[in-house]
Amino acid sequence: MLTINFIRENTALVIEKLAIKNFDGSEIISKIIDADKTRRALQLESDNRQAEMNNLSRQIGDLFKAGKKEEAEAARQKTATLKDEIKGLTQKLEKIEKKLQKLIEQVPNLPHESVPKGKSATDNKKIRKRSSRLKLYTGAMAHWDLAKKYDIIDFELGVKLTGAGFPVYKNKGAKLQRALINFFLDENKKAGYTEYWPPLMVNADSAFGTGQLPDKEGQMYYIKSDEFYMIPTAEVPVTNIYRDVILDAKVLPVKCTAYTPCFRREAGSYGKDVRGLNRVHQFDKVEIVQIQHPEKSYETFKEMVSHVESLVVKLKLPYRIMKLCGGDMSFTSALTYDFEVFSAAQGKWLEVSSVSNFESYQANRLKLRFRDESSKKMQLAHTLNGSSLALPRIVAALLENNQTEKGIIIPKVLRKYTGFDIIS
RNA sequence: GGUGAGGUGGGUGAGUGGCUUAAACCAGCAGUUUGCUAAACUGCCGUACUCGUAAGGGUACCGGGGGUUCGAAUCCCCCCCUCACCGCCA
């Protein structure tokens with residue numbers, strides 16, 4: 001969430017930048033500015049009345065103690081109207097504060113200056129591409145057919161147990177999951193990330209902190225009896241470790257990684273993109289999160305992008321890195337690079353990672369701050385995260401790209417984790 | 001699920017209606033002393049909002065929400081959470 005101070009001081013800039021995200025902010029921003037003015041006038045009035053009340057109360061106390069009962073009684077009469085006034089003012093103030101808060105929550109994060117204008121994924125800008133031409137043998141299959149052929153993923157069984165989009169991995173398919181998770185976590189550990197194993201359900205405060213609530217409520221599974229949300233990504237519990245935390249600047253950057261299953265309702269998804277592993281309700285993902293000083297967050301962004309890139313390279317997957325245009329970016333992000341791997345039998349680019357800098361947008365919701373060493377002032381930190389990596393589409397690409405007549409070849413880096421080098 | 005004890009600045013922890021404007025100690029910061037380190041001493045040391053060019057004021061906040069009162073960390077009601085023990089259980 002943007003801070004009210006920033007909006008007040010940079011009104012024109014805010015509207016201009018929101019336009020890059022195809023968000024017409026002129027109306028809402030002027031509403032915010034108005035509400036803020038009202039709020040401050042009310043605050044002043046209410047503070048003054050309360051100061052009067054405090055003085056009066058102190059006097060009454062003193063008078064009682066001095067034994068001047070009549071004077072005290074007289075003063076006490078005066079408090080009634082003042083009390084009513086204060087009550088009215090604080091109620092009004094509360095109302096306007098809530099209104100202001102709601103308005104500000106509806107304003108997306110501003111895009112970084114390098115973000116191009118654009119409407120949808122077709123306007124995303126290619127940053128890098130590495131894809132040697134893959135020659136598949138005649139009769140090469142899509143991963144859902146390979147899954148059946150080698151008995152490694154059972155989609156129908158998942159339907160029986162739970163419903164569509166809950167695949168069951170088995171045999172070498174199950175082992176491959178474990179291998180990938182361990183490989184990713186080990187690589188992250190080597191790059192300096194602290195490993196976590198967080199809860200898979202979070203409370204509403206946490207879901208709000210990273211921005212899933214209120215706008216993405218319908219995308220999360222909700223446990224009604226206990227008011228918990230199933231996490232859609234490890235980003236939620238991991239980033240919330242630092243909710244309401246004031247960090248010492250010396251500890252920056254904070255680097256965390258975690259493997260978790262992720263649960264997404266994917267309400268509104270339909271059609272061909274949901275086939276096989278392309279889009280599922282439960283999937284596994286290793287995530288990286290960093291908390292960094294505002295001046296260094298874009299360096300950190302680069303570092304995270306190249307770290308994720310190193311993983312894709314080690315798996316020898318053809319990939320491309322896309323800078324998302326304003327229209328395709330998430331509500332909370334200032335800059336996002338998507339990683340896509342090419343899944344040869346489908347002939348499709350599949351998104352396997354999304355690295356984002358949220359600047360202080362999440363930190364403001366989280367109240368995640370640090371004390372700046374030179375100015376000694378409290379400041380919002382910057383948060384960043386990325387997938388490293390999401391498993392299903394990596395598996396889809398590995399199966400499709402590495403298939404041969406003899407079976408599916410396991411990439412060299414994974415063999416010490418799988419214990420086998422071919423699925424046949 | 002049952003019973004009990006709790007929830008107070010970064011930490012420990014005092015505080016049963018107005019000298020609480022939240023003690024004290026620890027941690028932290030600055031200084032004095034000092035071959036160095038340490039110790040000792042002195043001072044500073046919460047957050048948010050708000051008024052002010054500034055200096056400096058004001059208001060709120062003691063788990064959350066209501067209430068009583070001129071005045072609430074303190075009294076009353078509701079809720080949440082934590083801990084301990086018991087029951088059940090992977």
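The shown structure was predicted, so the numbers you read here are calculated from the model rather than taken from an experiment. Every chain is numbered from 1 and lettered A, B, ... according to where its sequence line falls, protein lines coming before strand lines.
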A.B. asks: Can you confirm if the NZ or CZ of A:R178 lies within 45° of the ring axis of A:Y417 and under 6.0 Å from the centre of its six-membered ring?
C.D. replies: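 No, A:R178 does not sit over the ring of A:Y417.
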A.B. asks: List, with names and distances, any nitrogen or oxygen atoms from the protein found under 3.5 Å away from nitrogen or oxygen atoms belonging to nucleotides 16-18 of chain B.
C.D. replies:
unit_1, atom_1, unit_2, atom_2, d
B:rG18, O2', A:K65, NZ, 3.1
B:rG18, N2, A:S57, O, 2.8

A.B. asks: Name the closest nucleotide to the A:D47 side chain, picking from B:rG58, B:rU47, B:rC70.
C.D. replies: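 Of the options given, the side chain of A:D47 lies nearest B:rG58.
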A.B. asks: Checking base pairs now: Watson-Crick or wobble, both atom distances under 3.5 Å. What partners B:rC41?
C.D. replies: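 The answer is B:rG31, by the H-bond criterion.
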A.B. asks: Select one nucleotide: of B:rC49, B:rA60, B:rU69, the one nearest the side-chain heavy atoms of A:N54.
C.D. replies: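 Side chain of A:N54 sits closest to B:rA60.
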A.B. asks: Quick test of your reading of the model: are A:R8 and A:D36 salt-bridged, counting only N-O distances below 4.0 Å?
C.D. replies: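 Judged by the 4.0 Å cut-off on N to carboxylate O distance, A:R8 and A:D36 do form a salt bridge.
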A.B. asks: Is there a side-chain contact between A:Q50 and the phosphate of B:rA60, meaning an N or O under 4.0 Å from OP1 or OP2?
C.D. replies: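 The answer is yes; a side-chain N or O of A:Q50 sits under 4.0 Å from OP1 or OP2.
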A.B. asks: Side chain of A:R369 only, please: which of B:rA48, B:rU50, B:rG58 is the nearest?
C.D. replies: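 Looking only at heavy atoms from C-beta outward on A:R369, the closest nucleotide is B:rA48.
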A.B. asks: Show me the pairs that pass side chain to side chain donor-acceptor pair (under 3.5 Å) and involve residues 78-93 of chain A, at least two apart or across chains.
C.D. replies: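 Counting only pairs at least two positions apart or across chains, no side chain to side chain donor-acceptor pair (under 3.5 Å) contact touches residues 78-93 of chain A.
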A.B. asks: Write down the partner of B:rG10 under the Watson-Crick or G-U wobble criteria, each distance required to be under 3.5 Å.
C.D. replies: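 Looking at the geometry, B:rG10 pairs with B:rC26.
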A.B. asks: Validate the cation-pi geometry between A:K172 and A:F420: distance from NZ or CZ to the six-membered ring centre under 6.0 Å, angle to the ring axis within 45°.
C.D. replies: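 Judged by the rule (NZ or CZ under 6.0 Å from the ring centre, within 45° of its axis), A:K172 counts as positioned above A:F420.
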A.B. asks: Reckon A:R49 touches a base, only the sugar-phosphate, or nothing at all at heavy-atom distances under 4.0 Å?
C.D. replies: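 No contact.
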A.B. asks: So does A:D151 pair up with A:K170, basic N to acidic O under 4.0 Å?
C.D. replies: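 Yes.
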A.B. asks: Tell me whether the NZ or CZ atom of A:K323 lies within the 45° cone about the ring axis of A:Y337 and under 6.0 Å from its centre.
C.D. replies: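 No, cation not above the ring by the 6.0 Å, 45° rule.
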A.B. asks: Does A:K83 make a side-chain N or O approach to OP1 or OP2 of B:rG71 shorter than 4.0 Å?
C.D. replies: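 For A:K83, the contact criterion (side-chain N or O under 4.0 Å from OP1 or OP2 of B:rG71) is met.
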A.B. asks: What interatomic distance, in whole Å, is found between P of B:rG13 and the corresponding atom of B:rG67?
C.D. replies: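 Taking atom P in both B:rG67 and B:rG13, they lie 33 Å apart.
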A.B. asks: Nucleotide by nucleotide, 5' to 3', does protein get under 4.0 Å of the base (B), only the sugar-phosphate (S), or neither (-) in nucleotides 73-79 of chain B, counting heavy atoms?
C.D. replies: -------
A.B. asks: What's the closest nucleotide to the A:R8 side chain, out of B:rU59, B:rA48, B:rU50?
C.D. replies: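 The closest nucleotide is B:rU50.
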